[in-house]
Amino acid sequence: MRIKIYKARFQTAGKTSEEIRSEYDDSIGPPPTTEEIELWRKTLIALDGTELFVTNSFLSSGDRYTIISWPNESDEKMMEFVYAAEQDSMFGTYQNEREQFIKDWKTEKYEPSGSLSVGASDIKIIEELRRSND
């Protein structure tokens, strides 16, 4: 399998609550609450223009990319993105535990319970950085 690594930029300034809600698969778990949707909307709008590094690896499916890293200057915004992901009622491990999450993040003790991904429509690929053959 060819794994490609890309430099990308969030393009989420106009993300609406309806678009976010439509991305959830209600067959996997409970539908998101209005509060969860609003948190995602605010987080994604704040991320607009933020750079990150993604891959098309087997960890992603369909039109999604797996997030693998980001520049140091994007760390605060990415922390907010990851905290929003941690509020998921099915998969989150820091639900309503912001202080502990921030402490663990800043001391580099935080480890996600799964891979973080982003929809292809939420990013713009800037350039391909690396390709490997596995």
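Reckoned from all heavy atoms, side chains included, excluding hydrogens, waters and symmetry mates.
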Show your reasoning for whether side-chain hydrogen bond (donor to acceptor under 3.5 Å, both in side chains) applies to Y110 and Q100.
-> CA-CA 10 Å; Y110 172 76; Q100 186 62 49; over 6 Å; no
Heavy-atom side-chain contact between L44 and F81 under 4.5 Å | yes
Sub-4.5 Å side-chain heavy-atom contact between T93 and E86 | yes
Do T66 and L116 come close enough that some side-chain heavy atom pair is under 4.5 Å?
-> no
In terms of hydrophobic clustering (I, L, V, M, F, W, Y; side-chain heavy atoms under 4.5 Å; direct or indirect links), are I102 and L47 co-clustered?
-> yes
Could you tell me whether the side chain of S17 reaches within less than 4.5 Å of the side chain of W40, counting heavy atoms only?
-> no
May I ask whether L39 and M78 are part of the same hydrophobic cluster, defined by side-chain heavy atoms of I, L, V, M, F, W, Y residues being less than 4.5 angstrom apart, directly or through others?
-> no
Is the shortest heavy-atom distance from the side chain of V82 to the side chain of W105 under 4.5 Å?
-> yes
Show your reasoning for whether side-chain hydrogen bond (donor to acceptor under 3.5 Å, both in side chains) applies to D104 and Y94.
-> CA-CA 10 Å; D104 289 350; Y94 286 84; 2.6 Å; yes
Close side-chain approach of I125 to Y65, heavy-atom, < 4.5 Å | yes
Below 4.5 Å, heavy atoms only, C-beta onward: do T55 and Y6 meet side chain to side chain?
-> no
Salt bridge present between R98 and E80 (N-O < 4.0 angstrom) = yes
Salt bridge (Lys or Arg N to Asp or Glu O under 4.0 Å) assessment of E127 paired with R9 = CA-CA 10 Å; E127 66 179 303; R9 183 176 294 121; over 6 Å; no
Looking only at atom types and distance, does a side-chain atom of Q87 sit under 3.5 Å from a main-chain N or O of Y83, one as donor and one as acceptor?
-> yes
Given side chains that start at C-beta, do those of K7 and E51 come closer than 4.5 Å, heavy atoms only?
-> yes
More than 12 non-hydrogen atoms from neighbouring residues, nucleotides or ligands closer than 6.0 Å to CD on E73, yes or no?
-> yes
Does T12 offer a backbone N or O that forms a donor-acceptor pair with the side chain of D48 under 3.5 Å?
-> yes
Should I68 and L129 be counted in the same cluster of Ile, Leu, Val, Met, Phe, Trp and Tyr side chains packed under 4.5 Å apart?
-> yes
Derivation and outcome, salt bridge (Lys or Arg N to Asp or Glu O under 4.0 Å), residues E23 and K15 | CA-CA 12 Å; E23 293 173 1; K15 196 76 171 179; 2.5 Å; yes
Would you please test E38 and R41 for salt bridge (Lys or Arg N to Asp or Glu O under 4.0 Å) and show each step?
-> CA-CA 5 Å; E38 186 59 19; R41 190 183 71 75; 2.7 Å; yes
Spacing of CD belonging to E128 relative to CG belonging to N56, to within rounding of 0.5 Å | 8.5 Å
Enter the distance from L52:CG to S69:OG here, rounded to the nearest 0.5 Å.
-> 9.0 Å
If you look at every heavy atom in I123 and A8, which pair is closest and at what distance?
-> CD1-CB, 4.1 Å
